[in-house]
Amino acid sequence: MSSSAQTKPARQLRCCGASGCRSAGSEELQAALEAARDAAGHTAQELAIKPVGCLRLCGRGPLVACDGPGGTTLYGAVPPTEAGALIEATRNYDHASDTLQASRLDPQLPFFALQSSVVLEGCGQVDPESIDDAIAFGTYSQLRRCLHELTPEEVREQVKRSGLRGRGGGGYPTGLKWDTVALQPPGPRYVVCNADEGDPGAFMDRSVLESDPHRLLEGLAIAAYAVGADRGYVYVRAEYPLAVERLRKALQQARRAGLLGSGIDGTSFALTIEVRVGAGAYVCGEETALLQSIQGQRGMPRPRPPYPAQSGLWGAPTLINNVETFAAVPVILREGGDWYASMGTAGSKGTKVFALSGAVTNTGLVEVPMGTTLRSVVEVIGGGVPDGTPIKAVQTGGPSGGCIPAELLDTPVDYESLLELGSMMGSGGMVVMGETTSMPEVARHFMRFSVNESCGKCVPCRAGTVQLAQLLERFVERRASPADMAKLDALCRMVKATSLCGLGQSAPNPVLSTLRYFRHEYEAACRQPALCDRP
Amino acid sequence: MSVITLSVNGKDVAIPEGGSLLEATRAAGVEIPLLCHLDGLEPVGACRLCLVEVEGSNRLMPACTTAASEGMAIHTHTHQLLDYRRMAVELFFAEGNHICAFCVANGNCELQNVAVQVGMDHSRFPYQYPQRVVDASHPLFAIDHNRCILCTRCVRVCDEIEGAHVWDVGSRGSHCHIVAGLDQPWGEVDACTNCGKCVDVCPTGAIFHKEDTTAEKLRHSDRPALLKAARDEHVWRNQ
Amino acid sequence: MTTPEQSTPEPAAPETSAAGLPDRPKLRLATVWLAGCSGCHMSFLDLDEFLFDLAAVADVVFSPVGIDTKTYPENVDVCLVEGAVANVDNLELARIVRQRTRLVISFGDCAVTANVPGLRNLCASPNGSSQQAVLERGYLELADTGAQLPFAPGIVPELLPRVLPLHEVIAVDLFLPGCPPSAQRIKEAIAPLLAGERPVMEGAEMIRFG
Amino acid sequence: MTATSPARPAASKPSPSAEEIANRKIAQVIRRHGAQPDALIEVLHQVQEIHGYLPKQALDQVARQLRMPLSRVYGVASFYHLFTLEPPTPHRCAVCLGTACFVKGGADVAARLEQRLGVKLDDAAGNGTWAVQHVSCLGACGQAPVLVVDGVLLTKLPIDQPEALDAVFESAGMPSAGAVPA
């Protein structure tokens, strides 16, 4: 989608350098490719070897996309020993070795063919460490357009028209939030990007940060302009070192290029952005806890209202959105809010990025229009369970979500449908579970997570999750009684209704949803009314 | 001063604008259990005992931190709330080591009183028996973490009223505990002024005068409000 | 939330229906002493003159302070159980009490919360058991002379891994907390039962711990 | 600016001790952040880089130079999982127990490591040389189950093939069961 008349080399190899492929040896592969190219006597002009971000199919890394005159071919799990063959194949695919043939991925695979790249359009295309490449791809053009051609109201109008809703979990209408912040009494305002992607099974934001950080900065800057903020923070979890590194680099480049700082692009708009690195606390994904953490405090949530849009960092109105939300903004402005709203369902517009993992053949990043059925995501795109056995359930929404049973896979994925099923969109992690997965064990897994991550401020979460985890232990060890079942139900309801923040309020969801759909597994673990034999 | 009106359990009350739901319940003569809240200290909404139902909202709201607004209708003693409150108190008992029989605050303990208030005659949840310690290093006072319910009144009174900030909360989740200084023995923390305000506000027998033995602790939980009024409004009621 | 432990809420609606109870002239009352200090029983004896009233309407069929019977009888109407469940004998007796009693009362803080006997749970090893640790502490570490662990199979009952409140072992119908519950509180709880009514367990006078 | 370390030596003294160097580095870090209390977490990250953990005397220095209460600094340092208040073992593993890893046998990886190294999961003291801790999710779900050994991410662990798994552990430098820790 490049808008520039950039001269592209005739042939190029795009090597994924995001964390997943890195751990599978992408750096070694890239070095081997460069050596092989030099050995074959090609120049970088003839054959570019370009480090890029996520090429989606993370489970088959390291991934390399080969752009030649005949189109693009994708290779997965390429060993460095095949570097020479790969260089050769860029010229003539018929020369590809058997090993290389075997690593070739069919671009017509539903995994690729059924995706729509909107938020991820630059992922795997641009070099995440080069602002020039990002600019050549069109990044920052919408920021410039906003600054020169649009008023903040007009920007917010487009975001409202797009129907974009917060991609971090709650699904609050983004345009409305922006308005709330913008319309507060005059005074300082802040924009904050929540990049504390903590849901186990979620890695969408990580991929955007590692693959296309300038898009995020552009979205954040547009938001700052739209709400009248001159200071922003990106709060990234420390567990993502590569994302932190690339984001810092991108910030530095953007400052040097005059796209951040004072007098941006010759206008009076000024914006300073700082990276704040977390230190391992899931609860900091909760917005009031995140604000505490940015201010150097314990990440303890506080009751809302007041909402951060009214009173956030240092008491000033603060706009908080997550990475995917901000990353969707430049496209919305480029193509128009109506264009974005034409995708998706009545209540959930646009596309959503999912991180597909667990017992599924194709693991990786999937971007599809809202309203796509779960079945087409996990069975068609994901390819089902690797050994061909049936899917038992799909977990969405992380520790706040639930397990959706196989018989409901035809549900369209949108905020409301998932809530009705007792799960939630969450940030977009989707973990597929096969028949061997025990649901009380899944529930215990999440409850232990919540026990570990509870901040300890309010008693239902601090002490209730501990009791819930112990109750679940009794089911997993098949020494529960029917009375335990009643206790489990009652305590889940209590923790959900009375906890202070979203973490506690949603901690019982994995239990409630597995109780709802897989109650028989709990009942099977129940003995007759208990007599004492516990350790 | 402008006034707002709202209804508490069907009874209309008027309170000054900016007041909390807690003030509204008091105006209506309705008593709801409280543990973390103490007049004179910043409310934190942590103990969840003062949650109330607000008509038109599907979320329960803590009375202590929620601002009252015109026309609100709240309910403080629905079956659901009574049920949740009792469970919360059971969780408090189960997470610490509360042996009333030999506690310094026996008979004068807010946790004990709240248990009575919510009708808790036993805990359905097993007691956890956490490993906790007693710190008697301070010359005048001692802290028995076994009896601590993490209400953070001591943290707040020391920070907001005394200005010494000896106390804070360490660790997280069920490992949370009150710390003095860098998790040092209390007696070694220079910042402590020996003022005893933390003893005054502690709702249980966790922080106490060393000379007090079983059932001898007296509470002075009205002091923060008196001190605050004296400081902010120059009104002395603590004669 | 219905309390799962309270399986038989009304004394008048027994599940192990003892035929002809309403006609029976006297209530069959028992008291049991598990792991406790006997303070609750002392408090029971503090009922003083009320004990005469009680004797008029109830037969004490099993009690460490009232009768010599060593075997817990069948068809008991009301049983006050003092103490936590700390060893295998406590456990066995608690189960028998439940089987043979229509209304089981958790009598005093030890039965209700495990209280002081439960303190040994604080020295639990990582597997959650304090059985060994408490013996070692009591018989080896703190011994002045002749340190040795007690070993008398069949005579000294084996400790359970953890000390438990009564309701974690058997279903309990009424909780009468207090350390000990005062004689007045005991009287307020028992008197309605004699009249076939359920006592109102509310307010500091009736349910405050300690 | 009161960033004066009590242990600062006079200029004429011979080469400063390791502790003094560390103290100076910390003072520098604090100055770089303008001695602002809101930079506490950033400062603690860098102190941990200097010392490998957060020693009490360093927390004391941070509190004094940021002019914050000691207990607040301790509260923050002990709140976040990635801050460690005890000296770490020379070698460390982090087993991912995120949902994808859980589905693919992450708990088995943890159990095998516990057995192999003779350690308990999440016991920071480990066996003196090695410690195994859990992490909630590394975002490497596509390669589950995963493990980090001394900072290196190992992916797609062959949990169904014990020999192959042992070989992975072996090549990561982990002594096998019963081996005496160095």
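Order of the sequence lines fixes the chain letters, A, B, ..., with proteins taken first and strands second; residue numbering starts at 1 for each chain. Owing to the predicted nature of the structure, the values given are computational and were not obtained by experimental measurement.
- Around atom NE2 of His77(B), more than 12 heavy atoms belonging to other residues, nucleotides or ligands sit under 6.0 Å away.
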Q) Can you list the steps and then say if Met206(C) with Val116(B) is a side-chain contact (heavy atoms from CB on, under 4.5 Å)? A) CA-CA 9 Å; Met206(C) 291 307 287; Val116(B) 170; over 6 Å; no
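- The shortest non-hydrogen separation linking Ile207(C) to Ala115(B) is CD1-O, 4.3 Å.
- Using modelled atom types, no side-chain atom of Gln112(B) and backbone atom of Arg208(C) make a donor-acceptor pair closer than 3.5 Å.
- No more than 12 heavy atoms of other residues, nucleotides or ligands shown are found within 6.0 angstrom of CD on Glu205(C).
- Ring orientation note: the planes of His122(B) and His167(C) are nearly perpendicular, at an angle over 60° on the 30°/60° scale.
- The shortest heavy-atom contact between Gly210(C) and Cys100(B) is CA-CB, 3.5 Å.
- Between chain C and the options Gln128(B), His98(B), Met120(B), Gln117(B), heavy-atom pairs under 4.5 Å are most frequent for Met120(B).
- Environment of NZ in Lys187(C): sparse, with no more than 12 heavy atoms of neighbouring residues, nucleotides or ligands closer than 6.0 Å.
- The number of heavy-atom neighbours closer than 6.0 Å to CD of Glu141(C), taken from other residues, nucleotides and ligands shown, is above 12.
- Tyr127(B) OH to Asn115(C) CG: the interatomic distance, rounded to the nearest 0.5 Å, is 8.5 Å.
- For the atom pair CZ of Phe209(C) and CG of Asn106(B), the computed distance is 11.5 Å after rounding to the nearest 0.5 Å.
- Counting heavy-atom pairs closer than 4.5 Å to chain B, the top-ranked of the candidates Leu122(C), Val112(C), Leu119(C) is Leu122(C).
- Listed here is the closest heavy atom pair of Tyr129(B) and Thr113(C): OH-O, 3.8 Å.
- Distance check, rounded to the nearest 0.5 Å: CD1 of Ile99(B) to CG of Asp109(C) gives 9.0 Å.
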